[in-house]
Amino acid sequence: MDLGIAGRTAAVAAGSAGLGLGSAKALAADGVRVAICGRDPDRLAAAAAEIEGEVLAITADLSNPAEGRSFVEQAIAGLGSVDILVTNAGGPPPGMFESTEIDAYQMAFDMNCKAMIEMCRVAIPPMRERGWGRVCAITSVGVKQPIPFLLASSVARAGLTSFLKITAREVAADGVTVNSAQPGSHWTDRVSKMMDRDQAGQSNPMGICGESDDFGSAVAFLCSEQAKFITGTGLLIDGGQATGLLD
Ligand code: NAD
């Protein structure tokens, strides 16, 4: 399916591996010119080599929200515009109520909420002026069904999800959509550091892990021309993990 976005431009945060890289690959395969960021220049270069076409690789540490702003500013300078913004970052370390220090909440907020808001504050105003834009935030199934051992992450992402929902309505009339892609267990570096593949697959009734490239295809669809009437929503990509009725 032609997504109708060939020739557009995208900034994909933390596109150096995993779900971000899958998203950057899918957008580039549809003819989008892509900028990615990550902390490690060597890793960024390796990721860029996996993505079709010319890729703008920008070093940024998103644990500092100002670097989220700077990433999008540099992407706009390098690509000429950012039509599509995919917000993403690393994930906070695991922890429950007793094991989560107070500073961990601030760190999770900075990396998984405030950095995303900074990116949106740079990217969305020019999208509104041009009358076309797509924002897709990579968040988590934990937004729909909080994950007990990822307490700080769940708290930060709930805040971001409110920001996305409210912003989506404010910018809707200008042709800008704001959505999130909510992953359940995908087999990435992050997950492989916490558990083995079989364990990760047990989180959902399919008993398997999702693949980053498939996830990226779903993100690319949310950023497509055809998705112009989809806004303010969160798409679960979780193999049926979340059990609630409200989507
Ligand atoms: P990953 O660790 O495999 O890849 C993340 C990429 O971002 C890596 O290249 C990493 O080096 C980079 N990165 C990490 N911290 C960064 C920082 N501070 N600044 C810039 N770049 C940074 O992770 P993933 O599995 O692709 O997850 C992406 C996001 O999705 C995370 O926030 C994660 O918590 C969330 N998530 C993932 C899953 C899953 O199953 N993989 C499920 C739910 C939510």
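Each ligand, and each atom within it, is numbered from 1 in the order the structure gives.
Here the side chain of S185 pairs no donor or acceptor atom with the backbone of S203 at under 3.5 angstrom. Between the side chain of E67 and the backbone N or O of D61, at least one donor-acceptor pair lies under 3.5 Å. In terms of modelled atom types and a separation under 3.5 Å, the side chain of N179 and the main chain of I230 share a donor-acceptor contact. Between the D83 side chain and the T9 main chain, a donor and an acceptor come within less than 3.5 Å of each other.
The other residues sharing a hydrophobic cluster with M206 are I208, where clustering joins ILVMFWY side chains under 4.5 Å apart.
Protein residues having a heavy atom under 4.0 Å from any atom of ligand 1 are A14, S16, A17, G18, L19, G38, R39, R43, A60, D61, L62, S63, N88, A89, G90, G91, M111, N112, I138, T139, S140, R157, P183, G184, S185, H186, T188, D189, R190, V191, listed by chain and number.
One distance of note links CD1 of I237 with CD of E211; it measures 13.0 Å at 0.5 Å rounding.
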